[in-house]
Amino acid sequence: MITSPLESLSQLSRTLPTGTPTTDVEDGVDPVTETSGRPVAAAVDDVRKTYYLGEPVHALDGVSLTLPAGSFTAVMGPSGSGKSTLLNLFGCLDTPDEGTVEIGGEVASELSEAERARVRGTRIGFVFQGFDLLPRLTAVENVALPMVFHGRQGSDRHDRARGLLERVGLGDRLDHVPTELSGGQRQRVAIARALANDPAILLADEPTGNLDTETGERIMGLFRDLNGEETTILMVTHERHIADHADRIVHLLDGRIEEVEGLDPNERGGRPRPDPEDRVDGSGGGS
Amino acid sequence: MNLRECLRIGWRSITSHKLRSTLTTLGVILGVAAVITFMVLGGGFSQSVVGEIEAEQEPVMTVHTQTDPPDGFGVMLVDTPIYTESDVEALEELEGVEWVAPEGSIGLAQTEYDDERVTGVVEGQATTPDRFEHDEFVDGEPFDWADEAVVSERVNDAFEGNLSAGEELTVTFEDGEERTVTVAGVVDDDLGGQSPPLVYLPVDEHHETTIETPDGDREPVYQSLVVGVESLGDVDPAQDAVTDYLAEESDASELKEDDDEIAVQTIEDAVEQFDDLVGQLTAFIGAVAAIALVVGSIGIANIMIVSVTERTREIGIMKAVGARRRDVMQLFLVESVILGLIGAVVGVLVGLGVGYLGVTLLEWPMVYPIDWIVIAIVVGVGVGVGSGLYPAWRGARVDPIEALRHE
Ligand SMILES: Nc1ncnc2c1ncn2[C@@H]1O[C@H](COP(=O)(O)OP(=O)(O)O)[C@@H](O)[C@H]1O
Ligand SMILES: [Mg+2]
């Protein structure tokens, strides 16, 4: 039986005690690895990452986290708690000193550098805090870039990039270079780019960090629409109201998971979750 | 990543730094332009000289004195007169030699034609009518009596006129004496536009330089000789005979300076000597160009390293969206190859332009040194690859994590 994401999400939340949407790792059901029978999109198991700068800095100190397919997880924690490091492990950008990283059934440490590049390019979409677009390329070209590295034909690439930009509401900014776009528009280009190769997982490191609240909410609307379409999302943020859009919030402290907080899917972001039948129409206004 | 996309992105980043890119390619431009300019000039010169010489292979040879110049480059003519009247007579007796025409320079203070005077430009030369046996006359014929003269075609340039046989010319010698002569003929004996405008005058009437021979006699003496041989087949043995006589028995061999050398050259020898000179110059220009290209490569490498450093974050982004090492490597290599190629192409164009100006001024034919153009382009690409390899390798090794932490 195939369970719909909505159903399994509510199952997940039902396993959490109501009233206090906070669970301890020691409880009977481990929310960190629990998938309620859904396939695993990606998982890290007991990963450690230590930097030696005179004294050892444990960026990650034994973290296990499973991302069920179609889940939306937020990671919060003080600066330096290891959020970006964790995200980069899921993104196959970094490798752990110890522990395993598994993405779509492939164990990252067993892959060559070129294979990891393929995983990054085809299974994962990245959105960074700095809306990192290539400054000399236009919006369409930036969105098409991941497809350039993973051989789609030129006209095909362009059409898809245009489609994605239209979807994030930037159909009228196709040939603008990043400096001609506002922060919110740039972040939307970055999201369109992250979606270029139709990734199963979207990783976002403080995607709204440099945006005003209103624009940030719009970006979250976009994330929720994508999540409604089965994209697994892992998002780092330090803003509570942004994290509230997720199914659960993982709190990191000093490289360890401090707690995992389950959220009521019907109250995410203070608004009811959009019906999954509702397609994104891309009419979100610019900023 | 396909090449076209790579080219597009590389081109974009080059054109976004126009000034920097231009300065970067300057070394390559200069190196290539130097070579191409020289090849155009050398080719034009060769064609104007050699073309003319080969068209008219004649049984003639020249005798002159030369020495190694102090800077060791090419040869230098010595104009001290050492060939005596007795040498001329003895040479005429040799097997195969038909005639010997002496050449002695005459100092001309001033030349006047058609009420126009020029000072110093036109030079005088005393000789005999035989001298012109194998020359081509544009008008008229060799002089055959005292008050006639033959002028070289270039005298027309000096007067911006159009001299023809029968016209009059007044020459003033250095001692102030004036003489009006009739132009008997206008001769085209110019090799590659190198000789000055010349007025040839009969030797009997105008040559006064004498010297005391080793035998104690006083005889007329000349700077150089032109030797006419009976037929083309006689040239080789006659050349040997003339060389032997001049080296061993002549007055000239005693009168010359120790370091000087008596050269007996057929036209082919002259061409060969000229080719040697071109060869030496080519090596010299080649060395200059090689230095310019090395400097150019360092320039490109330097800029590419700067560019890799500046774009560390961009490389991180590209890697995050799926670029492999070889994609990044290819991107930077393509960029440096474009720079090298642009340098070479612009260098070729500049070289052709400067060369064209040069040959136009010197009235030589324009030559397109195709082989050198191809070599320049290949070298440009090579410089691009060579100087781009290390920076591209560095770019490819950028750690995406580090790059993304890099603000
Ligand atoms: N390349 C590195 N070299 C040294 N220390 C690092 C490096 N990357 C991360 N760290 C350290 O690891 C810890 C976690 O970093 P990070 O994951 O970036 O934190 P966060 O994103 O939560 O602010 C920090 O103390 C940081 O200083
Ligand atoms: Mg961070």
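All chains are named by letter (A, B, ...) in the order of the sequence lines, taking the proteins before the strands, and each is independently numbered beginning at 1. Predicted model, so just to flag it, every value in this text is computed and none were measured.
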Contact winner vs chain B - A:Asn88, A:Leu134, A:Thr85, A:Ile124, heavy-atom pairs under 4.5 Å: A:Leu134
Over all atoms of both residues, closest heavy-atom pair of B:Ala320 and A:Phe128: CB-CZ, 3.6 Å
Interface moiety of B:Arg4 toward chain A, non-hydrogen atoms closer than 4.5 Å: neither
Candidate pair B:Val321 and A:Met147, rule side-chain contact (heavy atoms from CB on, under 4.5 Å), full reasoning: CA-CA 9 Å; B:Val321 302; A:Met147 298 185 264; over 6 Å; no
Minimum heavy-atom distance A:Asp94-B:Ile401, with the two atoms named: CB-CD1, 3.5 Å
For the student: nearest non-hydrogen atoms of B:Ala323 and A:Ala117, plus distance: O-CB, 3.7 Å
Intermediate values then yes/no, side-chain contact (heavy atoms from CB on, under 4.5 Å), A:Arg116 and B:Arg324: CA-CA 9 Å; A:Arg116 284 209 299 275; B:Arg324 287 160 300 176; over 6 Å; no
Heavy-atom pair of closest approach, residues B:Arg12 and A:Thr138: NH1-N, 4.4 Å
Pairwise side-chain contact, B:Ile317 with A:Leu133, heavy-atom cut-off 4.5 Å (strictly under): no
Least distance between heavy atoms, B:Pro400 atom then A:Leu93 atom: CB-CD2, 3.4 Å
Minimum heavy-atom distance A:Arg120-B:Lys319, with the two atoms named: NE-O, 2.7 Å
B:Arg397 atom CZ, neighbour heavy-atom count above 12 within 6.0 Å: no
Evaluation steps, side-chain contact (heavy atoms from CB on, under 4.5 Å), between B:Arg326 and A:Glu113: CA-CA 11 Å; B:Arg326 43 171 286 208; A:Glu113 134 81 29; over 6 Å; no
Derivation and outcome, side-chain contact (heavy atoms from CB on, under 4.5 Å), residues A:Phe149 and B:Met318: CA-CA 9 Å; A:Phe149 297 124; B:Met318 288 196 285; 3.9 Å; yes
Structural part of A:Leu203 lying under 4.5 Å from a heavy atom of chain B: neither
More than 12 heavy atoms from other groups under 6.0 Å of CG on A:Asp254: no
Distance, nearest 0.5 Å, that separates CZ of A:Arg136 from CD1 of B:Ile14: 10.5 Å
